[in-house]
Structures are given as C-alpha cells and as structure tokens.
K.L.:
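One structure, as structure tokens, below. Some questions next.
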Amino acid sequence: MRIGVLGTGMVGNALATKLVELGHEVKMGSREAGNEKAVEWVSGVSDERASEGSFADAAEFGELVVNATAGVASLAAVEQAGPENLEGKVLIDVANPLDFSGGMPPRLSVCNDDSLGEQIQEAAPGARVVKALNTINASVMVDPGKLGDAGTLFICGNDEEAKAQVSDLIASFGWPREDILDVGDISGARATEMYLPLWLRLMGVEGGPNFSIRVVR
Ligand SMILES: NC(=O)c1ccc[n+]([C@@H]2O[C@H](COP(=O)([O-])OP(=O)(O)OC[C@H]3O[C@@H](n4cnc5c(N)ncnc54)[C@H](OP(=O)(O)O)[C@@H]3O)[C@@H](O)[C@H]2O)c1
C-alpha cells in the first residue's frame, strides 16, 4: 500500500521505517520538501519504497495517511497537507495536543469537551480519521514484543471500516488483535489524549518511556 507519513520526528521515523520493512511504499512529509531529517531517513532506509516531500506531497501520495506531527501544529500540518488530498482516505492520527510553551510538564492544548482528533476530523471532513497509537512510545508502537506484554492499545473513530483497516495495520506491527480496544467514535480521542498527563507522570516514575497499561476484566 502507498502510505503518506506526515512528520519527521521520532514517531514519523519509527512508523515510516516499520511500514517500509512491511513492504509498503512510504512518503515522509514535512513543511518543505527536502527537509534534512526526511532526506536522512530516505538515505538511511536505502529502499526504493521510501521517499520524501512536502506534507501535501505525502498526503496526495498516500492511499492511507498518518499524522505524526507535533500536536499543537497538527491543524496547520493538515491544512498544509490539503484536506482535498485526504478526501475519502483513512487518516491515522497519532498526535497528542501537548503544549510545551510553558515548560514541563506540558499542558494539553485541548481537552475535556473537545480533542485534537475531533479537530482534525473537522479540518479534513472527507478524511476517515482514526485516533490510534498515541498512548504508547514510538519504539514500542512498532515493536510491541519488546515489552513482552504491550498492554492495551486504544483506537477510535467514526468510520467502522477505517477502524478495521487500522486494526489490521497495527496487528501487522505485532499487536495481538485482542489487545486493540475500540473506544468508540472520534470523541474517544478526548479520553486517549487526556491519558497523556498520566503517561507523562508514569514516565517519570518508571524512569523511561517503555511501559504500557492494560485493561483487565
Ligand atoms: N514520541 C513518542 O514516542 C510519541 C508517542 C505517541 C504519540 N506521539 C505524538 O506524535 C507526534 C509526533 O511526535 P514526534 O516526537 O515524532 O515529533 P514532534 O517533534 O512532536 O513533531 C515533529 C513534526 O511536527 C511538524 N511541525 C512542527 N511545527 C510545525 C508547524 N508550525 N507547522 C506544521 N508542522 C509542524 C514538523 O515539521 P517539519 O518536518 O517540517 O519540521 C515535524 O514533521 C506528537 O504529536 C506526539 O505527541 C509521540
């Protein structure tokens, strides 16, 4: 499948690399084509299935698109990607609305009765937004086996077929299907994004980002 990855940070890098390893064609997007990190990623992967371009280039290229941009910049990134380039496509939103402008810990730039996932769905109404993978560190999201038990992964979105497709993709990363928990429509993003204050706290307590949580019954 052709996949556009918006984002040149550690998440964009980890996902793009994993997707190429799995045989997908991936275009990494950034604000400007020729971005240093994107060019470095293409040459590092050294695979003809890897390419880079602007956010719009990546969105247009992808049959499926991933938003892995800084949460406070994601609406701008989606605008630059062009909602018309996302029409009818599954858009996996991995971003968290963390605002670091006031120092650590970051505050949520949107919360309670709204979420970044919903705002992205509104900004790109033709896209089928699925919020997923935002509750787990980048290195674990593409290699859940590294924790032994990677816990529960939460997804949500308005389109059932899109969620099924995203679940298939996530399962191909090694996530057991029974651990992928659908928490409903895109307003579920309020809940999974508001987990971030706890995630950040746990990172301090655990001394690092390689942990997860599990829903037990
Ligand atoms: N780090 C993790 O393990 C982890 C896990 C789960 C979820 N997340 C979430 O995943 C997202 C990506 O995280 P990250 O650490 O990989 O990268 P990041 O540093 O948060 O974001 C980098 C990306 O944001 C874009 N960006 C920054 N400012 C922008 C602006 N003003 N307008 C448009 N785009 C802008 C950058 O564009 P350029 O390429 O042009 O510089 C770059 O592609 C974040 O929302 C984060 O909260 C992170």
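Counting starts at 1 for both ligands and their atoms, in listed order.
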K.L.:
Hey, does T8 come in under 3.5 Å of ligand 1, counting only N/O atoms on both sides?
P.N.:
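By distance alone, the answer is yes.
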K.L.:
Would you say L133 touches ligand 1, if touching means a heavy atom closer than 4.0 Å?
P.N.:
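Contact check L133 vs ligand 1: positive.
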K.L.:
Between W41 and T17, does any side-chain donor sit less than 3.5 Å from a side-chain acceptor?
P.N.:
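Yes, a side-chain donor-acceptor pair sits under 3.5 Å.
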K.L.:
Should the proximity of N13 to ligand 1, defined as any heavy atom under 4.0 Å, be assigned to the side chain, the backbone, both, or neither?
P.N.:
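It is neither; nothing of N13 touches ligand 1.
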K.L.:
Tell me whether E32 has any N or O atom under 3.5 angstrom from an N or O of ligand 1.
P.N.:
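Such a contact does not occur with ligand 1.
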K.L.:
Is there at least one pair of N or O atoms, one from A73 and one from ligand 1, spaced under 3.5 Å apart?
P.N.:
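Such a contact does not occur with ligand 1.
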K.L.:
Does K163 come within less than 4.0 Å of E160, counting only side-chain N to carboxylate O?
P.N.:
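The answer is yes: the pair qualifies as a salt bridge.
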K.L.:
Would you say M10 and ligand 1 have an N/O pair spaced under 3.5 Å apart?
P.N.:
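In this structure, M10 places an N or O atom under 3.5 Å from an N or O of ligand 1.
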K.L.:
Please say yes or no: joined through hydrophobic side-chain contacts below 4.5 Å, possibly via intermediate residues, are M194 and L200 part of one cluster?
P.N.:
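Same cluster: M194 reaches L200 through Ile, Leu, Val, Met, Phe, Trp or Tyr contacts under 4.5 Å.
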K.L.:
What atoms of ligand 1 come closer than 4.0 angstrom to any heavy atom of N137?
P.N.:
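Checking each atom against N137, I get 3 (O).
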K.L.:
Would you kindly specify which portion of V11 sits under 4.0 Å from ligand 1, judged on non-hydrogen atoms: side chain, backbone, both or neither?
P.N.:
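For V11, the contact with ligand 1 is made by both the backbone and the side chain.
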K.L.:
Residues in salt bridge (Lys or Arg N to Asp or Glu O under 4.0 Å) with E52, at least two apart?
P.N.:
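With neighbours one apart ignored, the set is empty.
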K.L.:
Side-chain donor-acceptor pair under 3.5 Å between S74 and T69, yes or no?
P.N.:
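Yes, a side-chain donor-acceptor pair sits under 3.5 Å.
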K.L.:
Is there a nitrogen or oxygen of T69 sitting under 3.5 Å from a nitrogen or oxygen of ligand 1?
P.N.:
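Yes, T69 has an N/O under 3.5 Å of an N/O on ligand 1.
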K.L.:
Would you mind finding which of S74, A95, A132, A70 brings a heavy atom closest to atom 23 (C) of ligand 1?
P.N.:
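Going through S74, A95, A132, A70 one by one, A70 has the nearest heavy atom to atom 23 (C) of ligand 1.
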K.L.:
Counting only non-hydrogen atoms of the protein, does one fall under 4.0 Å from atom 19 (O) of ligand 1?
P.N.:
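So atom 19 (O) of ligand 1 lacks protein heavy-atom neighbours under 4.0 Å.
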K.L.:
Mind checking whether A68 has an N or O less than 3.5 Å away from an N or O of ligand 1?
P.N.:
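No.
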K.L.:
Check the surroundings of atom CD in E21: do more than 12 heavy atoms from other residues, nucleotides or ligands lie under 6.0 Å from it?
P.N.:
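Yes, because the 6.0 Å sphere around CD of E21 holds more than 12 heavy atoms from other groups.
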K.L.:
From atom 31 (N) of ligand 1, work out which of R31, K37, Q80 has a heavy atom at the shortest distance.
P.N.:
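Result: the heavy atom closest to atom 31 (N) of ligand 1 is in R31.
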K.L.:
With nothing but distance in play, are any N or O atoms of L98 less than 3.5 Å from an N or O of ligand 1?
P.N.:
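It does not: no N or O of L98 is found under 3.5 Å from an N or O of ligand 1.
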K.L.:
Salt bridge (Lys or Arg N to Asp or Glu O under 4.0 Å) for K131 and E118? Distances and angles first, verdict last.
P.N.:
CA-CA 9 Å; K131 188 96 200 181; E118 288 166 276; over 6 Å; no
K.L.:
Run R214 and D179 through salt bridge (Lys or Arg N to Asp or Glu O under 4.0 Å) and show every step you take.
P.N.:
CA-CA 8 Å; R214 166 174 292 287; D179 291 336; 3.1 Å; yes
K.L.:
First locate atom CE of M28, then atom CG of L19, and finally report the distance between them rounded to the nearest 0.5 Å.
P.N.:
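CG of L19 is found 10.0 Å from CE of M28.
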K.L.:
Identify the protein heavy atom lying closest to atom 7 (C) of ligand 1, giving its residue, its atom name and the separation to 0.1 Å.
P.N.:
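Ranked first by proximity to atom 7 (C) of ligand 1 is V94 O, 3.2 Å.
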